[in-house]
Each structure stands twice: as structure tokens, then as C-alpha cells.
There are 2 protein chains.
Amino acid sequence: MNAQTFNALAEPNRLDIVDLLLEEPLPVGEIADKLKLNQPQTSKHLRVLSEAGLVEVQPIANRRIYKLRPEPFQELDSWLDSYRRMWEARMDRLDDYLNVLQGKKPLN
Amino acid sequence: MNAQTFNALAEPNRLDIVDLLLEEPLPVGEIADKLKLNQPQTSKHLRVLSEAGLVEVQPIANRRIYKLRPEPFQELDSWLDSYRRMWEARMDRLDDYLNVLQGKKPLN
DNA sequence: ACATAATATTACTTGACAGGAATATTCTTT
DNA sequence: AAAGAATATTCCTGTCAAGTAATATTATGT
């Protein structure tokens, strides 16, 4: 897993930008408006997100439309796969415990 | 989604620690050994991970065993749920495209 | 070509954080 | 109680990143 992805998402305003872009691709100005950020900040955050591969840009006329790239999120998803085993193991143990409480299963 | 989680994972050594703890809970000294980190660094990183709720500690005799907490990972998983729609939509469009190529479906 | 809109970049200041070294704390063992 | 092992904390220093303000760039419309 790439730490750069986490780094890009670690900044609250950038996380907001990503969550906003999930709904629809947007130009810089609208992102800034909706999140009440200054335009230069917004551009800089978008640059970080872009270099981390989280967004891509599509110039349309005067404006630059930013939208999410799915790849990093898919990578995150794959990485999380390994961790699902962990919490599922715990859930199983909880299951066992509940079964014991209900007399469905003896204690080991 | 909590940016603190991303922040904790954004530091490469901490990401390594988390990946290591996925295999098994470990005391500080072994974490430091396996990742070739100094003990104070390791303790400090574990503190950050702990404050972010990613790990918990269980003191056993002289040592402190750190292990992962599932909750933040589950939260990450839920957050990613929203994003699955995005890339699945793209996959669908790819599907459509492939079907067009194979003459199975007309262009809209 | 010029004025304007949209966006990007730069310079500056400030705060957060990582690494290293030294030290403090906590627990165990004798 | 003292010594030693395991871990945590503190202090210092250097680096990086974020916010602000000002300016540069790029594209559009007249």
C-alpha cells in the first residue's frame, strides 16, 4: 500500500475535496466556493491530490474540471482485504461467545 | 471519515508497523527489531497509532503488547463503500464498451 | 491585440512532526 | 532494596507542509 495515498487524504480540506468530487466532477472555482476555501489553497490541494493520483483534470474551455481516479481507491480496497480477516476473526469469536450464552455450543 | 486515521497511516514506518501487527500482536522491542527502528521512535509511532485508535496495548509482565483495533479499519471500509459505486460505474461502462466491440449491444 | 475570467505559482511566515540522543519510568528478579 | 530489562518521555534540530497575499499563466470574448 502506498503511503502517499494516505498522506493526500490526511489533510481535512483534501478529504473534503475528495468527498465532494465523489458526487460529481467540478472545476476549481466551484470546489473553492462549496468548501469555503481560497482559490490558491484549493489549487494547491488539488495539485497534491493529483500527484498522488487521486484526481485527474480535464480542461474544458477556460476551466479545469477535476474528477476522481478510481485506481487508488481500488488499491485501498485491496489493502483492506487483508484486514477484513482480522475483524472477521473477532466477529467469529463473538459469534462463538453468543452461541455459548445461548447454550448452543459448549465452551472449548 | 476521520482524517486522523489517514494521518496515522501516512507515515511509512507507521504503515509498516500496522502491516506487521496484522500478522500478530507484538511487543515494542520486536517491532523495533523487525523494522530496524530505534526503540524510542517505535514507541513514539505507537503512541500516534494509539491516539488514532488504530492499536491498543496490553501490558504483560515487563512488556507492552500492541495489537490492531478493528474499528478504524471497518470505518475505512464503510467509507470506501461510497467509492465502490464510482469505479463500478466505470466498470459497467467498460462492460458496455466491450459488448459493443463484440456486437452484443448497440451503441446508445 | 486587449480586457477579463479561471487557475496556477511564488515568496513568506508559522506550526507540526520526524529522527537522534539522553533520560525517566515501570516492572521483574534476586 | 538494588540491579537490570523493557518501554516511554523529553529536548533539540532540521525539514516539510499549510495558510496568506501577491503575482503569473492560460484561455476566452470583444
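Convention: sequence-line order gives letters A, B, ...; per-chain numbering from 1.
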field: Proximity to the side chain of Pro40(A) - top-ranked nucleotide from dA21(D), dT9(D), dA6(D)
entry: dA21(D)
If you define the side chain from C-beta out and look only at heavy atoms, does anything of [X] sit under 4.5 Å from [Y]?
X        : Y        : answer
Pro72(A) : Asn2(A)  : no
Val18(A) : Tyr83(B) : yes
Phe73(A) : Leu22(A) : no
Tyr66(B) : Glu56(B) : no

message: Can you see if the side chain of Gln41(A) gets near the phosphate of dT20(D) - specifically, an N or O under 4.0 Å from OP1 or OP2?
response: yes
field: Phosphate OP1/OP2 of dA17(D) contacted by His45(A) side-chain N/O (<4.0 Å)
entry: no
Give the rounded distance in Å between these two atoms: [atom1] of [X] and [atom2] of [N].
X        : N       : atom1 : atom2 : value
Gln4(A)  : dC16(D) : CD    : C1'   : 14 Å
Lys36(A) : dG19(D) : NZ    : P     : 17 Å
Ile65(A) : dA27(D) : CD1   : P     : 14 Å
Asn38(B) : dA6(D)  : CG    : C1'   : 15 Å
Ile60(A) : dT26(D) : CD1   : C1'   : 16 Å
Gln58(A) : dA27(D) : CD    : P     : 15 Å

- prompt: In degrees, rounded to 10°, what is the bend between the two ends of the helix from dA1(C)-dT30(D) to dT30(C)-dA1(D), using five pairs at each?
  reply: 20°
statement: Whichever of Asn7(A) and Lys44(A) has the more 5' nearest nucleotide on DNA chain D, that residue is Asn7(A)
field: Joint cluster assignment, Val48(A) & Leu68(A), ILVMFWY side-chain distance < 4.5 Å
entry: no
message: Grouping I, L, V, M, F, W and Y whenever their side-chain heavy atoms are under 4.5 Å apart, do Val55(A) and Val57(A) come out in a common cluster?
response: yes
field: From CA spacing to verdict: side-chain contact (heavy atoms from CB on, under 4.5 Å), Leu26(B), Ile65(B)
entry: CA-CA 5 Å; Leu26(B) 288 173; Ile65(B) 314 293; 5.8 Å; no
Counting only N and O atoms by type, is there a donor-acceptor contact under 3.5 Å from the side chain of [X] to the main-chain atoms of [Y]?
X        : Y        : value
Thr5(B)  : Met1(B)  : no
Arg14(A) : His45(A) : no
Arg69(A) : Gly53(A) : yes

query: Going 5' to 3' along DNA chain C, which nucleotides are the first and last within contact of chain B (any atom under 4.0 Å from a heavy atom)?
result: dA18(C) to dT28(C)
- prompt: Where along residues 46-54 of chain A does a heavy atom come under 4.0 Å from DNA chain D, residue by residue in number order?
  reply: none
message: The criterion is salt bridge (charged side-chain N to carboxylate O under 4.0 Å, His left out); which residues satisfy it with Glu51(B), sequence neighbours excluded?
response: Arg47(B)
Close residues, residues 8-29 of chain A, relative to DNA chain C [heavy-atom separation under 4.0 Å]: Pro27(A), Val28(A), Gly29(A)
- request: Indicate the atoms forming the closest heavy-atom contact of Met86(B) with Pro70(A), along with that distance.
  value: CE-CA, 4.0 Å
query: Charged N to carboxylate O under 4.0 angstrom, Arg84(A) versus Asp77(A)?
result: yes
Expected list for residues 31-42 of chain A: side-chain donor-acceptor pairs under 3.5 angstrom, two or more places apart:
unit_1   : atom_1 : unit_2   : atom_2 : d
Gln39(A) : NE2    : Ser43(A) : OG     : 3.1
Thr42(A) : OG1    : Asn38(A) : O      : 2.7

